[in-house]
Trainee: 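What follows is a structure written as structure tokens; I'll ask about it next.
Just so it is clear, the values below take in all heavy atoms, side chains as well, and ignore hydrogens, waters and symmetry mates.
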Amino acid sequence: MIVAEQKKITEIIEMLGDDFETLFIVGCGTCVTVSMAGGGREVKALAELLRLYYSEQKKDIKIETATVKRQCDFEFLDEIEEEVERTDLVLSLGCGVGVQHLAERYPDRVILPGLNTSFYGATTGVGEWSERCIGCGNCVLDKYMGVCPVARCSKGLLNGPCGGSQDGKCEVNPEIDCGWELIYNRAVRLGKLKELARYEPPKDWQTYRDGGPRKLVNTEYFDG
Amino acid sequence: MAEIYSRLQKKLEAGHFVVCSEMGPPIGADPDFIRNKARMLKGYVDAVNLTDNQTAIVRMSSIAAAKIASDEGLEMIIQATCRDRNRIGLQSDILGASALGLRNILCLSGDHQSFGMDKGAKNVFDLDSVQLVRTVHDMVHKGVLLNGKEMKSPPKMFIGAAANPFADPFEMQMLKLMKKVEAGAQFFQTQAIYNLDKFEYWMEEVRKLGIHERVYILAGILPTRSVKALKIMKNHVAGMDIPDAVIERFEKSDDPEAEGVEMAVETIERVKKIEGVRGVHLMPVMWEKITPVIVEKASLYPRPEVD
Amino acid sequence: MYDVVFIGDLIESPTLKSLKVDPELLLRCRGEIGDFHLTYKDGDGKVREVKTGTIVVNITAEREKPLPGVLSFEDDLPEGKEVDCLIFIQDYQTISPAIMSNRGLKMAISAAKKFPEIQVYYFYRSMRFIKDNDRLFEEARRLGILFLKYEKGNLVISAAGEVSYNREDISLRLEGKILMAPEIKPAEGLERVARILNLEMGPAGFLQVENVYLQSTLSGRRGVYILGGSRGPTAYSNLVEEAEYTLNEIGFLLQDIKPLVNDRREVDDQKCILCYTCYRICPHGAIERDEELDAMKVLNLACQGCNACISHCPASAISIVEDNNELIETGLRVLMCENSARTAWERMAGKDRFSDLKIETIPCAGSIKKEDIYHYLRNSADRLLILGCFEESCKHLSGDRKAYRIVNEVNERLKVLNLGENRVIFKRLAPRMEEDLAGLLSRWKEGNCNL
Amino acid sequence: MSKIAVIGGGIAGSAAAVELARAGNQVTIIEKENKLGGNLKDYGCKAVDVCTKCNLCLVDDLFSETTESAGIEILYQTRVNDFKRNPGSYSLGIEREGRFQRIDGLDYIVLATGFTRWSDLETGTPEVSQDKRIIWASELEGLMKKRKDHLETEDPLALGYKPESVVFIQCNGSRSIQEKARYCSRVCCGYSYRMARVLKYFFPEIKITIFFMDLQEGGYLQDISFTNLEEAGINYLNCKPVRVEGKDDGLRIIYEDQRKGAVEELLTQLLVLSEGIHPNQDNEHWSMLFNLQLDDHGFLSSIEDELKTGIFLAGTIKGPKDIAATISDGRNVAYKIINQQKLQPAVR
């Protein structure tokens, strides 16, 4: 899922500026709810905190809230048409996709991001998520025992660990597991260490965003 | 295939025990900074490494500095890291360096930008060290660029890579070492050696794989003069293996500088006896002026001459 | 339908219909007390499902010899007379539980009787007593066994099996057969069983969280009991009484199981996105996935009403069926946990001094919602005091930690927006601290926030 | 549905009575004092910065349930002095407000009369009892029960002074051949550690020393170890003092320091004597009345199978237990009776 984190409250307030009277906060009910950044509760809590802040500043700001199932589909964005019409400013607690989709759906409204969208990740603890994939568009997990060096090694090395890994941790940050240590352990466990002796040529990055923002059409069912 | 392009390679082919050293370029544009250092080392070493933005800190370009030093008559080894330039930039640098008469290159993955002072920089790592070795090899020996385009006048380089006998997982490091050999590495410079038993064990494994017959191995020596530096390296520099006995030795001695020199000389004596070690690579940190003293003390002076 | 399924070793019971399931073969657990559904593999690998009223986890702990090559208190005595002295050592790494000193004493006594001519030494740091340890300790001394108390450092055991013991007034070099009290460690599969039964792990990898309310074999989940080795070293000391008590309680409880709380919590399946946050934070394993609906559901017999799920659900999908907590009043408000502060309030004299405070009872400090807190503080004069339980004496296991985290978050936000510091305070109290409560409330009323 | 008498309104008796009443039995508690609680009445909560899990607060709901339960009738200030086996049921002779009565038609009897404190049996040598600087652990518990908020008063325990040092001596009356109590009471290491923590919290500079022989497990949860003591800043000495001399500048404790192998002296302002769990003074009376066995320490155990006789023992009448174990034991007796009722009606 897409993992995101809420921006600091001071940044949000600064970003909102002060020439608005009505604010509409819209949350997203899928990935960012799971990562506890932009779901229904966070929208309500942020609204309450902002009401408290603006009332202390003696500013009369009207705040409305809603949470749609997904901000990345127009049909869900259609459901909040009246609120967006009524408001001066929209603060989206969806991921980066949601914010931009709202901007496309409501071109004459300022849409502001409430979250810092970070990575594709998995739950690795109660209230903890870790990066697993960067979406390079050409998966090599088959060659690396199900552990991706592109995403899990700080330098994305494809032919083995750098000289700096220290008892299984990355030289960059002792909190991070060295990707290659994980690959090596898996290879030993699966008895496929020989496969790591194979030379891996430089990767073709055209399938990644380096080849330009991508579009994907499922021509099996649609003519695009 | 064994055309010899560099005087360092010629000395190694002639069987000499070579001595390399290292020079850190300035954070600035003063050429004399390089010239003074070069004059100090002239005659005491067979080749000098020119680091490439070491620890991701912005410094004068490795090729420019190498050219200045080589004009002083020194045999230079440029370093190329994969952090700052993608495959296009790296290949064009190699062509330029060769054109400037530089004949040795050390291919490194490079330190992560978080080690330096530009932690916000975007890193590249389009290639890794093994892929860079293979690229330089194909350019030099097959005359083709990475994309397969043939060149009329291919570059001439003696190709080197780094090796860390103390990094883990050990088995995986050996696999990567072998990949570098098969990719076309011609010499290795190892990480600084303080744990001699571990280094000897590593050399044993290297000999088992027959690497020492295909590649010249130069033992890395890092002379130091302060316990504080040793402790910092032990705890903060990744991949360094400094046994406590070494630290205690420094703490006990009342003249750390002399102790540093003596230890370096002892290490040189000991690695010289290891089968497969064909030279040493002195990499003092902010103590470059000690290299001549150590070379003399280890009775490695004067250096042999080749035409 | 069984009365009890034992995961690990089965304990005979005349009145209860019971079944044994091997921990490794346990696959899944659903349902609640009176209606658990366990999926497991039987002897020949066939996957089966069984319904049971209760579950007892009874997995013997691993024994680990403190040093290699020595005998353990649980091995048999060495045969014959190969050695000229026997050396018993307990408390080597950690102080051995009473059950181990009991075994050690019995073994030393039988050794002294079996080999009267050789000297038996018994080294200990602290002799712990259960059942008849006192009598055994006396009898052992009468049989001439030499008891020597040591401290960490003055007893050294060399690899070759020599023991050297030196104190100011005695120093001994001994050579002989060494028998040591084994260290008790959590069994291999314990963590996996905890995950399948959705139980929070206790300290040092044993199964049960240390908590006053989890006396003496209860787990956080109603109907799931934890016995002997699964609970930790000291649990062995009165294993027999606890086993008997647990089975008797099960027999009594299964006669008729009533919900513990009268209001019910419900999940709105339109809002729930199955993110499992509620499943993970519920201290009582009272929430699981609804097979038909694509949503979670609350198990009403298992639920103990702490409302943590309501305050933590990111989609605000869970609510109390007839809940009408309108959030209008403000001013100085005190939220009292019903299990500690509220009891202290009842015991406290002179309540009228605090008639201007709005006192509200909450089922658990972990049930506070941050959006409600911001709402309470609408006027600048408003302040909030939340009174919960001490660590390891929260009836809902981690309610106090949940409250602590939420209040910290809120205070940080208020501070950084300079909306006032310490406008929300979380303080821990025990039910019998009515004097401290009186002092605390009066200091808080005057705005003094070091309570 | 049976008629059951529970002799003793402490935690074991109440725990049994509550479960039995909940199962529909008609229970009568016979308590010799004027309120429930037994020894526990004057114990104090020992939570200050953390809860040290002495389980005392678990008892509050237990007693409120007992008094509020419909199925339980409580006879205060009542003593049992006679027991008769009638055909098919039992009858107890009781004495209340000077009058004698009988309770007949009883199907089961639960004996839960608890234990006696060492300080009740043994006031110690004259100097001990007169010197106000020497107190029994039960007195300190009483002070803990009436403690004030330490932020509101300099003297939360109403000691009358700010103690700079306190010494605990363990195993008074227990584990000593002379005083006939040759067993360990299991609980004193637990409560003295907890009380020492409270004193350390109220008086941070106080110097605390505990003389003890062997550190017990300290109850179900709190596995007290030397590290706990060190962390709490308590100095523990592994021996029993030889002599205590009351001087005007304080109490002089003379002991043999095993580490140095020499006789040492320690000056303290306050000396707390821990006291153990001793057999109830009425145990001999009960053993004759109900044909029970007295063990060599003076605790009781049943001779015949309790399920046959219908006479059960619960709690510390059988031996030293901490609060949690006593509650469990009380409930266990109730469950045994209820399960047996399920099998066949009470026939004597």
Side-chain angles (χ1 to χ4, degrees), chain A residues 134 136 140 143-145 147-189 191-211, chain B residues 55-56 81-83 86-87 90 108-115 119 123-135 138 146-147 161-184 190-192 209 220 234-241:
Chain A
I134 66 166
C136 72
V140 293
K143 299 178 189 147
Y144 296 101
M145 318 296 147
V147 177
C148 176
V150 181
R152 311 275 302 273
C153 164
S154 307
K155 300 177 187 172
L157 304 176
L158 299 182
N159 280 292
C162 74
S165 80
Q166 201 97 16
D167 44 57
K169 295 297 176 188
C170 171
E171 66 177 11
V172 167
N173 171 353
E175 301 283 321
I176 308 173
D177 287 329
C178 162
W180 271 96
E181 177 93 9
L182 303 174
I183 295 170
Y184 167 71
N185 292 341
R186 282 276 296 167
V188 167
R189 193 179 178 129
K192 297 169 121 205
L193 194 53
K194 300 191 296 335
E195 289 185 32
L196 295 183
R198 177 188 39 71
Y199 171 73
E200 178 67 23
K203 186 174 172 57
D204 173 354
W205 288 99
Q206 293 175 76
T207 55
Y208 187 47
R209 63 158 307 289
D210 289 26
Chain B
T55 60
T81 66
C82 306
R83 178 196 50 245
N86 67 6
R87 63 191 74 175
L90 284 169
L108 303 166
S109 301
D111 296 326
H112 191 267
Q113 75 273 14
S114 62
F115 283 88
K119 299 185 192 302
N123 65 38
V124 178
F125 294 116
D126 178 25
L127 304 184
D128 65 27
S129 55
V130 179
Q131 292 160 352
L132 180 55
V133 167
R134 180 70 167 269
T135 307
D138 292 352
L146 187 58
N147 52 29
N164 186 347
F166 313 106
D168 50 30
F170 188 80
E171 217 181 348
M172 191 64 229
Q173 295 288 351
M174 294 311 282
L175 281 180
K176 185 168 186 182
L177 198 69
M178 188 48 110
K179 279 198 203 181
K180 287 181 182 175
V181 173
E182 263 132 32
T190 74
Q191 174 62 279
L209 296 168
K234 180 181 171 66
N235 304 328
H236 297 295
V237 176
M240 292 280 278
D241 178 351

Trainee: Between B:L127, B:V130, B:V133, which is the residue that forms a side chain to side chain contact (heavy atoms under 4.5 Å, CB included) with A:N159?
Mentor: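 Considering B:L127, B:V130, B:V133, a side chain to side chain contact (heavy atoms under 4.5 Å, CB included) with A:N159 is found only for B:V130.
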Trainee: Looking at A:K203, A:K169, A:K194, which has the largest count of heavy-atom pairs under 4.5 Å with chain B?
Mentor: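 Top option by heavy-atom pairs under 4.5 Å: A:K203.
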Trainee: The criterion is ring pair (Phe, Tyr, Trp, His ring centres under 6.0 Å); which residues satisfy it with A:Y208, sequence neighbours excluded?
Mentor: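 For A:Y208 the ring pair (Phe, Tyr, Trp, His ring centres under 6.0 Å) partners, ignoring immediate neighbours, are A:W205.
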Trainee: From A:E200 CD over to B:D128 CG, what is the distance, rounded to the nearest 0.5 angstrom?
Mentor: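 So the gap between those two atoms works out to 9.0 Å.
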Trainee: Output all residues satisfying ring pair (Phe, Tyr, Trp, His ring centres under 6.0 Å) with A:Y144, sequence neighbours left out; order by chain, then residue number.
Mentor: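 Once residues adjacent in sequence are excluded, the partners of A:Y144 under the ring pair (Phe, Tyr, Trp, His ring centres under 6.0 Å) criterion are A:W180.
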Trainee: Give, as side chain, backbone, both or neither, the part of B:R83 having an atom under 4.5 angstrom from any heavy atom of chain A.
Mentor: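 Answer is neither: B:R83 stays 4.5 Å or more from chain A.
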Trainee: List the atom pairs, donor and acceptor, that lie under 3.5 Å between side-chain atoms in residues 164-172 of chain B and the rest of the protein, sequence neighbours left out.
Mentor:
unit_1	atom_1	unit_2	atom_2	d
B:N164	OD1	B:F166	N	2.8
B:N164	OD1	B:A167	N	3.4
B:N164	ND2	A:G163	O	2.8
B:N164	ND2	B:G239	O	3.2
B:D168	OD1	A:S165	OG	3.3
B:D168	OD2	A:D167	N	3.3
B:E171	OE1	A:Y184	OH	2.4

Trainee: Using a cut-off of under 4.5 Å for heavy-atom pairs, which of A:S154, A:P174, A:G156 has the most such pairs with chain B?
Mentor: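 Winner by heavy-atom pair count: A:S154.
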Trainee: Quick check: are there more than 12 heavy atoms from other residues, nucleotides or ligands sitting under 6.0 Å from CZ of A:R189?
Mentor: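 No, because the 6.0 Å sphere around CZ of A:R189 holds 12 heavy atoms or fewer from other groups.
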Trainee: Would you compute the distance between atom SG of A:C162 and atom NE2 of B:H112 and round it to the nearest 0.5 angstrom?
Mentor: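 A:C162 atom SG to B:H112 atom NE2 measures 10.0 Å (nearest 0.5 Å).
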Trainee: Which region of B:L146, side chain (C-beta onward) or backbone (N, CA, C, O), has a non-hydrogen atom less than 4.5 Å from a non-hydrogen atom of chain A, or is it both or neither?
Mentor: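 The side chain, not the backbone.
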Trainee: Which atoms of A:K155 come close to chain B, meaning under 4.5 Å heavy atom to heavy atom: side chain ones, backbone ones, both, or neither?
Mentor: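 Both parts, backbone and side chain.
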Trainee: If the contact rule is any heavy atom under 4.5 Å from chain A, which residues of residues 174-184 of chain B qualify, in numerical order?
Mentor: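 Under the 4.5 Å heavy-atom cut-off, B:L175, B:K176, B:K179 qualify.
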Trainee: Can you tell me which portion of A:L193 sits under 4.5 Å from chain B's heavy atoms? Options are side chain, backbone, both or neither.
Mentor: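 For A:L193, the contact with chain B is made by backbone and side chain together.
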Trainee: Which atoms of B:Q191 are under 4.5 Å from chain A, going by heavy atoms: the side chain, the backbone, both sets, or neither?
Mentor: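 For B:Q191, there is no contact with chain A at all, as no heavy atom is under 4.5 Å.
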Trainee: Where on A:P161 is there a heavy atom nearer than 4.5 Å to chain B: the side chain, the backbone, both, or neither?
Mentor: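 Both backbone and side chain.
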